[in-house]
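One structure is given here, and the rest of the page talks about it.
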2 protein chains.
Amino acid sequence: MTQSHDFLDRAPSLADTLAHKLRQEIAAGRMRPGERLPTEQQISERYGVSRPTVREAIGRLKHDGLVVTRQGAGAFIAEPGALAVFRLDVEDFTNRDEIRNIVELLMAVEATATELAAQRRGEEDLAAIQAQLDAMQAAIDRGEPGVDEDMAFHRAIVDATGNPFFRDLSDFLDRRVRHFIRTARANTARMGGLTQAVQAEHQAIFDMIAKADPAGARRAAETHLRNAAERLSLYFAK
Amino acid sequence: MTQSHDFLDRAPSLADTLAHKLRQEIAAGRMRPGERLPTEQQISERYGVSRPTVREAIGRLKHDGLVVTRQGAGAFIAEPGALAVFRLDVEDFTNRDEIRNIVELLMAVEATATELAAQRRGEEDLAAIQAQLDAMQAAIDRGEPGVDEDMAFHRAIVDATGNPFFRDLSDFLDRRVRHFIRTARANTARMGGLTQAVQAEHQAIFDMIAKADPAGARRAAETHLRNAAERLSLYFAK
DNA sequence: AATTTGCCACTTGTCAGGCAACTTGGTTAT
DNA sequence: ATAACCAAGTTGCCTGACAAGTGGCAAATT
């Protein structure tokens with residue numbers, strides 16, 4: 001118990017494995033939308049688990065919108081077009097490809113969000129963004145890396161889009177990437193002196209948003225993100 | 001609000017409502033990351049439901065990555081940075097704002113995907129895209145609207161990015177929007193003669209991808225998406 | 001003969017109780 | 001003082017049961 005990597009060593013529960021199997025069967029097209037699943041009793045017998053476990057597994061699918069259940073009638077496979085919930089799970093965040101793909105999506109979302117922010121930001125949005133910019137400068141002056149302020153700055157920008165989907169997705173991806181950096185940084189030497197460069201890029205982004213120049217804002221965000229990705233790549237340079 | 005809001009407003013199950021309550025308590029910050037939740041027994045007594053129901057509710061949160069459970073120890077609130085699953089649920093797809101926000105996100109993802117596709121598509125990717133383009137032309141020649149072919153065309157493009165996150169997200173958003181159109185179209189007159197215009201825009205996108213011109217591909221995709229959004233806006237022009 | 005009504009098997013939703021596996025903190029033995 | 005051990009507490013999973021809702025079939029009615 002010297003090093004508890006409590007991430008993947010957790011034994012998969014019976015319900016989880018069963019849910020995974022059922023999900024695969026649905027994805028494999030062995031069951032078509034609108035069709036009824038076997039009864040809980042039948043699944044229970046077929047897979048050798050108890051009914052509560054089956055219920056738990058089906059509950060997950062129901063929660064993800066893959067099936068809908070009607071008491072007394074059964075469980076039915078939902079229409080894929082009516083799917084109302086999207087699930088994005090990052091299984092292995094130590095995987096290099098996985099991180100690269102996430103960063104790529106993050107860049108796409110954040111660059112567009114910056115463009116939209118420049119296009120429709122109100123005065124109060126602009127003030128909020130500037131406040132975070134100043135807060136980051138203050139952190140730098142105090143000699144701190146200012147990761148929280150950095151995040152808050154980007155957060156203020158995506159907030160200015162007024163689109164909650166942008167906000168939530170960007171928030172998730174940002175957290176994910178930063179968490180990866182934080183864990184990877186443990187075995188690397190601390191990199192210093194770059195924060196001022198980051199701040200300069202932030203300033204450029206802010207200026208474009210202030211000027212209400214969407215195309216310029218996108219360009220500024222793209223260079224910032226490209227540079228950030230390059231700095232990031234130092235961590236998994238193999 | 002996570003329960004299915006489909007045609008019938010069926011009574012939300014006890015587990016669902018309980019899960020929702022717990023989720024709110026966590027979101028309200030009444031419980032902090034790393035903290036332990038009350039035991040299943042305690043929750044059971046406090047909310048007046050049985051332990052299996054509590055288990056089901058906690059199972060939902062566990063599935064969403066909000067809590068992690070350790071047998072013998074208890075259930076703990078997960079670190080938000082370690083969040084490995086992102087959940088995007090579209091609660092009300094008849095809401096105009098909701099649709100607009102979704103379309104906006106779709107445009108961001110698809111435009112960037114098209115840019116990436118132009119940048120890194122292989123010959124086989126290009127062939128697949130062209131095949132879908134031809135299939136759509138064939139559908140038009142047969143006098144069909146070719147919605148499936150249209151979707152397959154875009155699908156082939158996002159596939160060429162090689163990024164599964166782009167593929168999945170784009171797929172979900174695309175399905176969502178098209179489903180909305182399909183349901184809204186019922187009370188509107190069918191609009192005809194535009195499919196050929198769509199096809200021309202598709203052709204422009206394909207040409208840019210074939211030329212391996214990322215910037216051009218993005219521009220072509222953006223105009224196509226902007227036009228598509230304009231056509232779409234006819235549906236909820238109120 | 002056609003339609004309505006009532007009934008009954010079946011399925012999901014929920015509950016109660018219980019045992020096994022595991023964790024944790026304190027106690028005991030060395 | 002250190003290490004092994006034990007016991008209470010907790011989750012994982014099970015059996016068994018009843019309530020609530022659904023669907024089809026047959027009897028009853030028109």
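Per chain, numbering begins at 1; letters A, B, ... match sequence-line order. Note that this is a predicted model, so its numbers are computed, not measured.
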Inset, instruction - Please state how far atom CZ in A:R36 lies from atom P in C:dC10, giving the value in whole angstrom units. - result: 12 Å

Inset, instruction - Find which nucleotide of DNA chain D each of A:V49 and A:A73 is nearest to by heavy atoms, and output the residue with the more 5' nucleotide. - result: A:V49

Legend entry - 5' precedence on DNA chain C between B:A15 and B:G72 (nearest-nucleotide basis): B:A15

Inset, instruction - Can you tell me the distance, in whole Å, between the NZ atom of B:K62 and the C1' atom of D:dC13? - result: 11 Å

Legend entry - Nearest-Å distance for atom pair CD/C1', residues A:Q42 and C:dT12: 13 Å

Legend entry - Between C:dC10 (P) and A:R70 (CZ): distance, integer Å: 19 Å

Legend entry - C:dT11 phosphate, OP1 or OP2, under 4.0 Å from A:T69 side-chain N/O: no

Legend entry - Flag side-chain contact, heavy atom, 4.5 Å: A:H224 against A:V198: yes

Legend entry - Nearest-Å distance for atom pair CD/P, residues B:E40 and D:dC13: 11 Å

Output a table of donor-acceptor pairs, distance under 3.5 Å, between side-chain atoms of residues 162-173 of chain A and any protein atom two or more places apart or on a different chain; print 'none' if there are none.
{"from": "A:N163", "atom 1": "OD1", "to": "A:F165", "atom 2": "N", "distance (Å)": "3.0"}
{"from": "A:N163", "atom 1": "ND2", "to": "B:N101", "atom 2": "O", "distance (Å)": "3.1"}
{"from": "A:N163", "atom 1": "ND2", "to": "B:N101", "atom 2": "OD1", "distance (Å)": "3.4"}
{"from": "A:N163", "atom 1": "ND2", "to": "B:E104", "atom 2": "OE1", "distance (Å)": "3.2"}
{"from": "A:S170", "atom 1": "OG", "to": "A:E110", "atom 2": "OE1", "distance (Å)": "3.2"}
{"from": "A:D171", "atom 1": "OD1", "to": "A:R155", "atom 2": "NH1", "distance (Å)": "3.2"}
{"from": "A:D171", "atom 1": "OD2", "to": "A:R175", "atom 2": "NH1", "distance (Å)": "2.8"}

Inset, instruction - Compare the minimum distances between each of D:dG12, C:dT23, C:dT12 and the side chain of A:T39, then state the nucleotide with the smallest one. - result: C:dT12

Inset, instruction - Check side-chain contact (heavy atoms from CB on, under 4.5 Å) between A:D148 and all other residues, then give those that pass, not counting sequence neighbours. - result: none

Legend entry - More than 12 heavy atoms of other groups within 6.0 Å of B:R32 CZ: no

Inset, instruction - Could you tell me whether the side chains of B:H20 and B:D16 share a donor-acceptor contact shorter than 3.5 Å? - result: no

Legend entry - Under 3.5 Å side-chain donor-acceptor pair for B:H63 and A:H63: no

Legend entry - Residue-level proximity of residues 50-60 of chain B to DNA chain D when a heavy atom falls under 4.0 Å: B:R51, B:R55

Inset, instruction - Examine distances only and state if a side-chain atom of B:T112 and a backbone atom of B:A108 form a donor-acceptor pair shorter than 3.5 Å. - result: yes

Legend entry - Interatomic distance, B:I43 CD1 vs D:dG9 P [rounded to whole Å]: 18 Å

Inset, instruction - Measure from NE2 on B:H63 to P on D:dG12 and round the result to the nearest Å. - result: 15 Å

Inset, instruction - Look at the side chain of B:Q71 and decide which nucleotide, out of C:dG13, D:dG23, D:dG12, has an atom nearest to it. - result: D:dG12

Legend entry - Value in whole Å for how far the P atom of D:dC14 lies from OH of A:Y47: 15 Å

